[in-house]
Enquirer: 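Next up is a structure, given as C-alpha cells.
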Amino acid sequence: MTFRRAFEGLPATSWRFLAEVPGVGPVGELRAHERSTDLLLGEELGDQRELVLEGVVVAPGLRVLGIGRELIGLLAEEMALTGIRTAHAIAEFGNVEFLLACGFELQASRPSALTLEV
C-alpha cells in the first residue's frame, strides 16, 4: 500500500492524501482545506493559517487496518513542513473516538451543528 499527497486538479489551499493499493487504486482518502485566522477573526495576525479537516474515508472492510491513522499522520507531517500548527475537525458517532485516538483533542467551545435543507 502506498500513501501520498495528491496535488493534481486542486486549488492551492486544498489538501488531499490518498492511500492506494497498486493495481487496485485508492482505498482511503483524507481531505482538508486551509483557512486564514486573520480573515476569520478580522484581525491582522501575520497571515496565520490553519486547516479544517473535511473528512477521512476508508473503503469498507479495511477500516481496522490503520489506514485512516496513517493518513492523519501524513497530514501532521505536512503541517509541520509548511508551518501550519492547527487543524480543526467536527465529528459525530464513532468518528469522534477515531480522531481522539489520532491526537485530536476536544475543545471547550463546541460549535452548534446546523443543517439547511432546501
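Quick note: numbers below take in every heavy atom, side chains included, and nothing from hydrogens, waters or symmetry partners.
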Enquirer: Using a 6.0 Å distance limit plus a 45 degree cone around the ring axis, check whether R31 lies over the aromatic ring of W15.
Expert: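 No, R31 does not sit over the ring of W15.
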Enquirer: Is it true that a side-chain atom of R69 and a backbone atom of A101 form a donor plus acceptor pair closer than 3.5 Å?
Expert: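 At least one qualifying donor-acceptor pair exists.
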Enquirer: Between R49 and T13, is any pair of side-chain heavy atoms under 4.5 Å apart?
Expert: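 R49 does not reach T13 side chain to side chain.
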Enquirer: How about I72 and V56: do any of their side-chain heavy atoms sit closer than 4.5 Å?
Expert: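 The answer is yes; the side chains approach within 4.5 Å.
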Enquirer: Do you know which two heavy atoms are closest between H88 and T86, and how far apart they sit?
Expert: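 Closest heavy-atom pair between H88 and T86: NE2-CG2, 3.5 Å.
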Enquirer: Go through L51 and H33 one step at a time and tell me if the side chain to side chain contact (heavy atoms under 4.5 Å, CB included) criterion holds.
Expert: CA-CA 6 Å; L51 290 179; H33 66 272; over 6 Å; no
Enquirer: Does a sphere of radius 6.0 Å around CZ in F7 hold more than 12 heavy atoms from other residues, nucleotides or ligands, not counting ones at 6.0 Å or beyond?
Expert: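 Yes, CZ of F7 has more than 12 neighbouring heavy atoms, counting only those of other groups under 6.0 Å.
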Enquirer: Between R5 and R16, is there a side-chain heavy-atom distance shorter than 4.5 Å?
Expert: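 When only atoms from C-beta onward are counted, R5 and R16 do not touch, as no gap falls below 4.5 Å.
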Enquirer: Hey, what do you get for CD (E77) to CG (L75), rounding to the nearest 0.5 Å?
Expert: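 It comes to 9.5 Å.
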Enquirer: Taking all atoms of both residues into account, what is the closest heavy-atom pair of R63 and V58, and its distance?
Expert: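 In this case the closest contact between R63 and V58 is NE-O, 2.9 Å.
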Enquirer: Might you point out which heavy atoms bring L10 and A6 nearest each other, and give the distance in Å?
Expert: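 Shortest heavy-atom contact: CD1-O, 3.4 Å.
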Enquirer: How far apart are the closest heavy atoms of I67 and G28, and which atoms are they?
Expert: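 That closest heavy-atom pairing would be CG2-CA, 4.4 Å.
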Enquirer: How close do M1 and A19 get, heavy atom to heavy atom, and via which atoms?
Expert: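 Here M1 and A19 meet closest at SD-CB, 4.2 Å.
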Enquirer: Would you mind reporting whether L53 and F104 have side-chain heavy atoms less than 4.5 Å apart?
Expert: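 Touching, per the 4.5 Å side-chain cut-off.
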Enquirer: Name all residues meeting the side chain to side chain donor-acceptor pair (under 3.5 Å) criterion together with E70; count only those two or more places apart in sequence or in a different chain, and write none if there are none.
Expert: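 Here no residue qualifies.
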Enquirer: Can you tell me how far CG of N95 sits from CD1 of I90, rounded to the nearest 0.5 angstrom?
Expert: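 These two atoms lie 12.5 Å from each other.
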Enquirer: Would you mind reporting whether F3 and L18 have side-chain heavy atoms less than 4.5 Å apart?
Expert: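 Counting from C-beta outward, L18 and F3 never come under 4.5 Å.
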Enquirer: When you group the ILVMFWY residues by side-chain heavy-atom contacts below 4.5 Å and let the links chain together, are F98 and V52 in the same group?
Expert: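 Looking at the clustering, F98 is in a separate group from V52.
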Enquirer: For E105, is there any backbone N or O sitting under 3.5 Å from a side-chain donor or acceptor partner on Q107?
Expert: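 Side chain of Q107 to backbone of E105: a pair is present.
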Enquirer: Do T82 side-chain atoms and E78 backbone N/O form a donor-acceptor pair below 3.5 Å?
Expert: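 Yes: the side chain of T82 pairs with the backbone of E78.
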Enquirer: Identify the heavy atoms of M79 and R85 that sit nearest to each other, and give their distance.
Expert: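 Shortest heavy-atom contact: CE-C, 3.7 Å.
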Enquirer: Are E50 and R35 close enough for a salt bridge, meaning some N to O gap below 4.0 Å?
Expert: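 So E50 pairs with R35 through a salt bridge.
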Enquirer: Report whether F17 and V24 are members of the same hydrophobic cluster (ILVMFWY, side-chain heavy atoms less than 4.5 Å apart, transitive linking).
Expert: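 Yes; tracing contacts between hydrophobic side chains, which count when under 4.5 Å, links both residues.
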